[in-house]
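Reviewing the structure listed below.
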Amino acid sequence: MNITQIKDALFKQATIFQTGGFRPTEELGESWIGKVLWGKEGETIPSNYDPICTLFLNQLPYVPKELKRYQLLTIYMDFDVFNNNLKMNNLASYFKINSYTNLDELQKINEQSSKLKPFPLTPLFINNDTPSWEDSDSIAPEIEDEILRLESEEDMEYYEDIVEDVYPTHKIGGYPSFIQSGVSFGEDYPFVFQISSDAKAKFNIVDSGSFYFFYNQEKQDWIVYCDFY
């Protein structure tokens, strides 16, 4: 394989989010960091869970197949996660993730985080997402072998010649922007989105890290993992 063929095999599509950038309306369809705007009548969220994200999926330029049936995700987080072991393989107990298939059942709740500065999120389509080299589990073994061969034979460098961007930002689809080598949840739990450190929203995950969300569509079950450089 040459560099172009490796890029074709490795690159994935995703929707990334830019924080702010437009005047919000708080209407249906707007994604947010630091705020949950919509919910279903009768839902109750324990007081220790803070509203951190609203993600409308129905109009995004790219959504992974595991989330296609949903139109909206809302995410609440227990900030006590930072006082415990972030190296746990599954932090899902510190998160409440609500998924909605029908927007007609929603009502406006407008819950704002007590710890984050809320901003609307602008979605952007990308088709060149790549994994970090340290996360070699995201690279198929045959592609990794070809990259190592080119690095040895042609003085090629992964980050200079193949990677165009890793996108360490709020993202749906693509690859986790950084996960330590050896961490994998198998094909039954593919990566579907991440929430990342965000200076505008005053949200720092230890050291500019991210929370990574993996989803089993059949079980409707989540794994949440945290990592940082």
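Note that the numbering runs from 1 along the sequence shown for the chain.
For Phe17, the ring pair (Phe, Tyr, Trp, His ring centres under 6.0 Å) test picks out no residue, with sequence neighbours left out. For Phe203, there are no ring pair (Phe, Tyr, Trp, His ring centres under 6.0 Å) partners at least two apart in sequence or on another chain. Thr25 meets the side chain to side chain donor-acceptor pair (under 3.5 Å) test with Glu30; sequence neighbours excluded. Taking the side chain to side chain donor-acceptor pair (under 3.5 Å) definition, one finds that Asp78 meets it with Asn48, sequence neighbours left out. Listed by chain and residue number, His170, Gln194, Ser210 satisfy the side-chain contact (heavy atoms from CB on, under 4.5 Å) test with Ser196 (two or more places apart in sequence, or in another chain). Residues satisfying the side chain to side chain donor-acceptor pair (under 3.5 Å) test with Glu153, not counting sequence neighbours, are Arg149. By the ring pair (Phe, Tyr, Trp, His ring centres under 6.0 Å) test, Phe213 is found to be paired with Phe95, Phe193, residues two or more places apart in sequence or in another chain being considered. By the side chain to side chain donor-acceptor pair (under 3.5 Å) test, Ser113 pairs with Asp50, sequence neighbours left out. Under the rule for a side-chain contact (heavy atoms from CB on, under 4.5 Å), the partners of Lys12 that lie at least two apart in sequence or sit in another chain are Tyr175.
Partner of Tyr225 under the side chain to side chain contact (heavy atoms under 4.5 Å, CB included) criterion, chosen from Asn90, Leu91, Val183: Val183.
Ring geometry, Phe214 versus Phe191: the interplanar angle exceeds 60°, so the pair is classed perpendicular (tilted spans 30 to 60°).
At most 12 non-hydrogen atoms from other residues, nucleotides or ligands lie less than 6.0 angstrom from CD of Glu218. Counted within 6.0 Å of CD on Glu41, heavy atoms from surrounding residues, nucleotides or ligands total 12 or fewer; the atom is thus considered open. The environment of CG in Asp8 is crowded: more than 12 heavy-atom neighbours from other residues, nucleotides or ligands sit within 6.0 Å.
Sequence neighbours left out, not one pair with a member in residues 189-212 passes salt bridge (Lys or Arg N to Asp or Glu O under 4.0 Å).
In this structure, the separation between OH on Tyr49 and OG1 on Thr44 is 12.0 Å, given to the nearest 0.5 Å. Distance CD/Gln112 to CD1/Ile52: 14.0 Å, rounded to 0.5 Å. Atoms CD1 and CD1, from Ile16 and Ile126 in turn, are 5.0 Å apart once rounded to the nearest 0.5 Å. Distance check: Lys171 NZ to Ile195 CD1 gives 13.5 Å after rounding to the nearest 0.5 Å. Atom OG1 in Thr15 sits 12.0 Å away from atom CD in Gln59 (nearest 0.5 Å). Between Ile162 atom CD1 and Ile147 atom CD1 the span is 4.5 Å, to the nearest 0.5 Å.
The two atoms that bring Lys65 and Gln217 nearest to each other are O-NE2, 4.0 Å, heavy atoms only. Taking both residues in full, the closest heavy atoms of Pro64 and Ile172 are given as CD-CG2, 3.4 Å, listed atom of the first, atom of the second, then distance. In this structure, Gly34 and Pro118 approach most closely via the heavy-atom pair O-CB, 3.7 Å. Ile179 approaches Ser132 most closely through the heavy-atom pair N-OG, 4.4 Å.
Checking side-chain atoms of Gln71 against main-chain N and O of Asn58 turns up no donor-acceptor pair under 3.5 Å. Panel note: side chain Ser99, backbone Leu73; no donor-acceptor pair is recorded below 3.5 Å. Of the possible polar contacts, one joining the Glu157 side chain to the Tyr159 backbone as a donor-acceptor pair under 3.5 Å is found. In terms of modelled atom types and a separation under 3.5 Å, the side chain of Glu66 and the main chain of Pro190 share no donor-acceptor contact. The backbone N or O of Pro51 sits nowhere less than 3.5 Å from a side-chain atom of Lys96 that would complete a donor-acceptor pair.
Side chains of Asn127 and Gln13: a donor-acceptor N/O pair is absent below 3.5 angstrom, by distance only. No hydrogens or angles considered: a donor-acceptor pair under 3.5 Å links the side chains of Tyr167 and Asn128.
Two residues are said to be in side-chain contact when any heavy atoms from C-beta on lie closer than 4.5 Å; Pro120 and Ser31 fail this criterion. Using a 4.5 Å heavy-atom threshold, the side chains of Phe228 and Phe178 count as separate. Side-chain atoms of Glu26 and Lys108, non-hydrogen and from C-beta on, do get closer than 4.5 Å to each other. Inter-residue side-chain proximity for Ile223 and Tyr215 is flagged as unmet; no heavy-atom pair is nearer than 4.5 Å.
As a member of the Ile/Leu/Val/Met/Phe/Trp/Tyr network built from side-chain separations under 4.5 Å, Leu72 groups with Leu28, Trp32, Leu37, Trp38, Phe56, Tyr100, Leu103, Leu106. In the hydrophobic clustering (ILVMFWY side chains linked at under 4.5 Å, chained through shared members), Tyr62 is joined by Phe125.
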